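Notes to accompany the following structure.
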Amino acid sequence: MNIDKLVVEAEKECKTIFQTIEDNEYYFSELVLEAFRKFNINETHFNMTTGYGYNDTGRDAIEDVFSYVLKGEKALVRNQMISGSHALSTTLFGLLRPNDTILSITGLPYDTLHEVIGIKDNPSSLKSFNINYEQIDLINNKFDIASITKKLQEKKIKLIEIQRSKGYSTRKSISIKAIEEVIKEIRKVDKEVIIMIDNCYCEFVERTSPLEVGADIIVGSLIKNLGGSIANNGAYIVGKKDLVELCAERLNLPGEGAEVGPSLGANKSILQGLYFAPSVVASSLKVAVLTSFLLEKLGYDIEPKYNEERVDIVEAITFKSQEKLIKYVQGIGKYSPIDSGSMPIPAPMPGYDNEVIMASGAFTQGSSIELSCDGPLREPYIAYQQGGVTYNYGKIAIVNTLKDLF
């Protein structure tokens, strides 16, 4: 099949979809700029602190901006949190106490949380502190509301966890509309249970924040959407003030919480990353749409399809073959800007049960807002692709990878 002709067909067919993505990019650009102006972001906010990080005005301004953009009462945005999983762990340990129960209502959480929760044995897990874990699986990609409300009636649940993105599963990602519907049902039974959203990969895709539809706290990574490919590391926790303060005390120490934590020169990159995030997320979505169209035409199962509603930047491609999965991921690595001369191979990774192959030829190690592709070596051999700093760089990588394969 002629890949170049297929790309022309794809871009013609997807023109209206691309325009919708660009309309959302404009909306979020206005929102971010409004936040920068509201909190009078200026060059003094780029200054760094060391040591304890007392009176870091830039760090505090960043947290004001994030809370405004994500519609929360308070934000914790720190380079001391090294990843989204670290921020999720901080949140869970900050909000849960011995004999509390956490209930996941989107099935099994992402692999890196298994040892945090105690699904996989670890002496430092929540389970080791007598914090209980239960889960309710999705049914046909929808919340099992009957089972959720029944569970809430049967026993006291302290925290409900919702993972929006699919992770390394075969399910669909979770929309704001679905979250709003399930929260309404939850609140009919329990008005106090904490509803925590793993928001990784989803920021600036839908216009509504989970906090606007009743979630209490949301968590995400700065080497994904909101870092705009510029933030070197970090994560955020945003939501109700009292809950975020508990998380800050877990991250740092009781009695000091958000008042400490040196920025160590990260302020400018975090602010600049957020500033570019609407554009970078839009590019990532366009790359995902293009990928979806091309791979479907080439006969592969993909999720979501190119013309389906998107709630995150992830495109899942089912190869049903270990060899094809490896070759595709290696192709993405080959056409990346960094480490293009290195060949990704499957290998063990901390926090994962299976070997994982990952292509992330990125300026920031592990960044998945820059074009990356990864997958566990297990059936049905799915590649999870995300990111694309610009549409054209992503297009070049996808097109050449497919030419090499076909």
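Values in this document were obtained by computation on a predicted structure and should not be read as measured data.
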Side-chain contact test, heavy atoms from C-beta onward, threshold under 4.5 Å: evaluate it for [X] versus [Y] and give yes or no.
{"X": "Ile157", "Y": "Ile194", "value": "no"}
{"X": "Ile218", "Y": "Met196", "value": "no"}
{"X": "Tyr133", "Y": "Thr101", "value": "no"}
{"X": "Phe276", "Y": "Ser229", "value": "no"}
{"X": "Leu76", "Y": "Leu251", "value": "yes"}
{"X": "Gln163", "Y": "Thr106", "value": "yes"}
{"X": "Leu226", "Y": "Leu70", "value": "yes"}
{"X": "Tyr236", "Y": "Asn199", "value": "yes"}

Looking at [X] and [Y], what are the two nearest heavy atoms and their distance?
{"X": "Ser368", "Y": "Lys224", "value": "OG-CG, 3.4 Å"}
{"X": "Leu211", "Y": "Lys71", "value": "CB-O, 3.7 Å"}
{"X": "Ile197", "Y": "Pro210", "value": "CG1-CB, 4.0 Å"}
{"X": "Leu222", "Y": "Ala235", "value": "CG-N, 3.7 Å"}
{"X": "Glu256", "Y": "Val260", "value": "OE1-CG1, 3.0 Å"}
{"X": "Met358", "Y": "Pro344", "value": "O-CB, 3.5 Å"}

Parallel, tilted or perpendicular: which fits the ring planes of Tyr168 and Tyr384, with parallel below 30° and perpendicular above 60°? tilted
Using 30° and 60° as the class limits, which term best fits the ring planes of Phe93 and Phe129: parallel, tilted or perpendicular? perpendicular
Residue pair Phe28, Phe204: steps toward the ring pair (Phe, Tyr, Trp, His ring centres under 6.0 Å) verdict: CA-CA 7 Å; Phe28 286 116; Phe204 290 176; 4.6 Å; yes
Check side chain to side chain donor-acceptor pair (under 3.5 Å) between Tyr391 and all other residues, then give those that pass, not counting sequence neighbours.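 If we apply the side chain to side chain donor-acceptor pair (under 3.5 Å) test to Tyr391, skipping adjacent residues, the hits are Glu11.
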Quick one: does any side-chain atom of [X] pair with a main-chain N or O of [Y] as donor and acceptor, under 3.5 Å?
{"X": "Ser173", "Y": "Ser165", "result": "no"}
{"X": "Glu212", "Y": "Ser209", "result": "yes"}
{"X": "Ser340", "Y": "Tyr335", "result": "no"}
{"X": "Asp374", "Y": "Ile357", "result": "no"}
{"X": "Glu370", "Y": "Thr364", "result": "yes"}
{"X": "Asn252", "Y": "Gly257", "result": "yes"}

List the steps and the verdict of side-chain hydrogen bond (donor to acceptor under 3.5 Å, both in side chains) for Asp190 and Gln153. CA-CA 8 Å; Asp190 191 333; Gln153 290 165 347; over 6 Å; no
Salt-bridge test for [X] and [Y]: reply yes if a basic N is under 4.0 Å from a carboxylate O, no otherwise.
{"X": "Glu34", "Y": "Lys38", "result": "no"}
{"X": "Glu355", "Y": "Arg378", "result": "no"}
{"X": "Lys127", "Y": "Asp100", "result": "no"}
{"X": "Asp404", "Y": "Lys327", "result": "no"}
{"X": "Glu185", "Y": "Lys188", "result": "yes"}
{"X": "Arg59", "Y": "Glu259", "result": "no"}
{"X": "Glu296", "Y": "Lys305", "result": "yes"}
{"X": "Lys297", "Y": "Glu13", "result": "no"}
{"X": "Lys155", "Y": "Glu134", "result": "yes"}
{"X": "Glu308", "Y": "Lys172", "result": "yes"}
{"X": "Glu63", "Y": "Arg78", "result": "yes"}

side-chain hydrogen bond (donor to acceptor under 3.5 Å, both in side chains) contacts touching residues 282-291 (sequence neighbours left out):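 Sorted pair list: Glu22-Lys286, Thr291-Gln385.
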Ring pair (Phe, Tyr, Trp, His ring centres under 6.0 Å), paired with Tyr300, selected from Tyr328, Tyr381, Phe319: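 The ring pair (Phe, Tyr, Trp, His ring centres under 6.0 Å) with Tyr300 is passed solely by Phe319 among Tyr328, Tyr381, Phe319.
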Show your working on side-chain hydrogen bond (donor to acceptor under 3.5 Å, both in side chains) between Tyr27 and Glu25 and close with a plain yes or no. CA-CA 5 Å; Tyr27 169 84; Glu25 176 189 354; over 6 Å; no
Hey, mind stepping through Val32 and Leu274 against side chain to side chain contact (heavy atoms under 4.5 Å, CB included) and telling me if it holds? CA-CA 8 Å; Val32 170; Leu274 180 63; 4.3 Å; yes
Between OG of Ser175 and CZ of Arg164, what distance do you get to the nearest 0.5 Å?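 If I round to the nearest 0.5 Å, the distance is 7.5 Å.
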Separation between CG (Leu325) and CG (Leu377), nearest 0.5 Å, reads 6.0 Å
Would you find more than 12 non-hydrogen atoms of other residues, nucleotides or ligands less than 6.0 Å from [X] atom [atom1]?
{"X": "Tyr68", "atom1": "OH", "value": "yes"}
{"X": "Tyr275", "atom1": "OH", "value": "no"}
{"X": "Asp242", "atom1": "CG", "value": "yes"}

Residues Asn42, Thr44; criterion side-chain hydrogen bond (donor to acceptor under 3.5 Å, both in side chains); working and verdict: CA-CA 6 Å; Asn42 58 76; Thr44 64; 2.3 Å; yes
Sole candidate of Lys74, Lys240, Lys158, Lys191 that passes salt bridge (charged side-chain N to carboxylate O under 4.0 Å, His left out) when paired with Asp216: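 Of all the options given, the one that passes is Lys240.
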Yes or no on side-chain hydrogen bond (donor to acceptor under 3.5 Å, both in side chains) for Ser372 and Ser360, after CA distance, side-chain angles and deciding distance? CA-CA 5 Å; Ser372 64; Ser360 179; 5.0 Å; no
